[in-house]
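Note that these values count all heavy atoms, side chains included, but never hydrogens, waters or copies made by symmetry.
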Amino acid sequence: MGLAPADDAAVYKLDDERALVFTVDFFPPLVDDPATFGRIAATNALNDVFAMGGTPLLALSIAAFPEELPTAVLGAVFAAADEQVRAAGALLAGGHTIRDAEPKYGLAVIGTVHPQGLWRKSSAEPGDALFLTKPLGTGLLLAGYARRLVSDDAFAAAVAWMTTLNGAAADVLRPFSPNAVTDVTGFGLFGHAREMAERSGVRIRIDALPALEGVADVARAGIRTGGDPRNREFAPVEADGVPEEQLALGYDAQTAGGLLISLPADKALSLEAEFRARDLFVARVGAVEAGAGVVVS
């Protein structure tokens, strides 16, 4: 699996039992605390392996920092990323750092997956139920927090979700053999749903948008992130009568967002029960239908 079509990671089959999963992701700081930044960036990169049904094995740091930045700051970023990589069951085995005026950090990650257990975003089927394993709104909350419109508790909750690995959710999901899976990140829920719909040749209907606490107030205040207009251009949806704050939530760029899951509807109740039994978040957000595009109701 490479670019035809592209998915959440590249996959190289070694034999009938093993395939390698490759991904890379890095970005500038979203928060002020260096350790939190390192943990968020690592989570975001590792989650692409989980979105393919794989298990992370090895990671390399990709870093860019101003020369005048204290080495203690770099150390905090690297140490937190190392902790998160180990929490994912993998090892951080070095990397590469360059000088740059703007700090950036992320990981190149390699993982493994059984070729028959590979999850694609291009195989959703009509009749599937659609689930999401994290609430939405991290981008809006960060923007609102910068403008002092979000409480410290709501900000801490957003950080907690951005540093939650999707490994536990993937472990619960694996026995259910989902038809299609992707993770919700920079394109927002609507953008990633649009990708799944187009590549699967189906229509996706979204009728629920689980949100983090405080997000609705930020959206009603008119605050939008830089990714909002780009995501609206990338992923137009049918949304007659849907309030603007709901559209803002669906287009909000997520960092280390949850898994978007498409699986046969007759497995839905069992899936929800398994997530509840593990005390993990899951929300049914819609359904897959014959047709094309994304409909929000």
Side-chain angles (χ1 to χ4, degrees), residues 30-31 36 40 43-44 47 51 129-166 168-169 181-196 204-232 234-262 268 271-272 275-276 279-287 294-297:
L30 303 173
V31 295
T36 302
I40 290 172
T43 304
N44 194 67
N47 278 350
L130 206 65
F131 287 92
L132 185 62
T133 65
K134 289 185 183 182
L136 301 166
T138 56
L140 285 167
L141 277 180
L142 290 178
Y145 188 73
R147 293 166 173 80
R148 300 296 185 264
L149 296 177
V150 171
S151 70
D152 289 341
D153 287 344
F155 173 77
V159 169
W161 282 112
M162 289 188 291
T163 54
T164 297
L165 293 162
N166 285 335
V181 180
T182 189
D183 60 339
V184 177
T185 51
F187 292 140
L189 175 62
F190 294 164
H192 290 285
R194 179 87 176 185
E195 284 187 324
M196 186 179 285
I204 285 178
R205 181 175 297 277
I206 295 174
D207 53 26
L209 294 171
L212 289 163
E213 183 180 352
V215 171
D217 292 336
V218 175
R220 280 193 291 267
I223 293 174
R224 302 291 183 268
T225 63
D228 181 281
R230 292 190 294 269
N231 287 345
R232 290 175 191 252
F234 169 73
V237 299
E238 297 178 39
D240 292 342
V242 177
E244 167 56 29
E245 57 264 30
Q246 291 293 97
L247 294 178
L249 182 61
Y251 281 119
D252 186 40
Q254 304 301 286
T255 300
L259 298 175
L260 181 62
I261 301 162
S262 179
L271 180 77
E272 291 174 311
F275 270 81
R276 284 197 302 268
D279 197 26
L280 295 172
F281 178 92
V282 72
R284 190 166 180 166
V285 296
V294 176
V295 179
V296 183
S297 57

| task | With sequence neighbours left out, write down each residue that passes side-chain hydrogen bond (donor to acceptor under 3.5 Å, both in side chains) with Thr43, or none if nothing qualifies. | result | Gln84
| said: Suppose we screen for side-chain hydrogen bond (donor to acceptor under 3.5 Å, both in side chains). Which residues come up paired with Thr255, at least two apart in sequence or across chains? | reply: none
Using residues 184-193 as the side-chain source, report each donor-acceptor pair under 3.5 Å to any protein atom, sequence neighbours left out, with the distance given to one decimal.
unit_1: Thr185; atom_1: OG1; unit_2: His192; atom_2: NE2; d: 3.3
unit_1: His192; atom_1: ND1; unit_2: Glu195; atom_2: OE1; d: 3.4
unit_1: His192; atom_1: NE2; unit_2: Thr185; atom_2: N; d: 3.0
unit_1: His192; atom_1: NE2; unit_2: Phe187; atom_2: N; d: 3.3

| query | Nearest heavy-atom pair of Thr133 and Trp161: which atoms, and what distance? | reply | O-CZ3, 4.2 Å
| task | Enumerate the residue pairs fulfilling side-chain hydrogen bond (donor to acceptor under 3.5 Å, both in side chains) with a member in residues 139-148, sequence neighbours excluded, ordered by first and then second residue. | result | Tyr145-Asp152
| request: With sequence neighbours left out, write down each residue that passes side-chain hydrogen bond (donor to acceptor under 3.5 Å, both in side chains) with Thr163, or none if nothing qualifies. | output: none
Pairs of donor and acceptor atoms involving the side chains of residues 237-248, under 3.5 Å and at least two apart or interchain, shall be tabulated with distances.
unit_1: Glu244; atom_1: OE2; unit_2: Arg224; atom_2: NE; d: 3.4
unit_1: Glu244; atom_1: OE2; unit_2: Arg224; atom_2: NH2; d: 3.1
unit_1: Glu244; atom_1: OE2; unit_2: Arg232; atom_2: NH2; d: 2.7

| request: Give, for atom CG of Leu132 and atom CG of Leu259, the distance between the pair rounded to the nearest 0.5 Å. | output: 8.5 Å
| remark: Sequence neighbours excluded, the answer for side-chain contact (heavy atoms from CB on, under 4.5 Å) partners of Thr225 is Ala143, Asp228, Asp252
| task | Can you see which heavy atom on Pro236 is nearest to which on Arg194, and at what distance? | result | O-NH1, 2.8 Å
| Ala158 to Leu141 - nearest heavy-atom pair and separation | CB-CD1, 3.8 Å
| query | Residues in side-chain hydrogen bond (donor to acceptor under 3.5 Å, both in side chains) with Asn166, at least two apart? | reply | none
| message | Nearest 0.5 Å, please: how far is CG in Leu130 from CE in Met196? | response | 6.5 Å
| task | Could you tell me which non-hydrogen atom of Leu249 sits nearest to which non-hydrogen atom of Ala211, and how far apart they are? | result | CD2-CB, 3.6 Å
| Spacing of Thr138 atom OG1 and Leu30 atom CG [to the nearest 0.5 Å] | 8.5 Å
| message | Applying side-chain contact (heavy atoms from CB on, under 4.5 Å) to Val215 and Leu136, what does each step give before you reach the verdict? | response | CA-CA 8 Å; Val215 171; Leu136 301 166; over 6 Å; no
| remark: Looking only at heavy atoms, the pair that brings Pro135 and Leu212 closest together is CG-CD2, 3.6 Å
| query | ring pair (Phe, Tyr, Trp, His ring centres under 6.0 Å) with Phe131: which residues, sequence neighbours excluded? | reply | none
| Distance-minimising heavy-atom pair for Lys134 and Gly257 | CD-C, 3.6 Å
| query | Quick one: side-chain contact (heavy atoms from CB on, under 4.5 Å) partners of Arg276, sequence neighbours excluded? | reply | Glu272, Ala273
| Could you give all pairs that pass the side-chain hydrogen bond (donor to acceptor under 3.5 Å, both in side chains) test and reach residues 208-222, with sequence neighbours left out? | Asp217-Arg220
| message | Contact between Asp183 and Leu260 at the side-chain level, heavy atoms closer than 4.5 Å - yes or no? | response | no
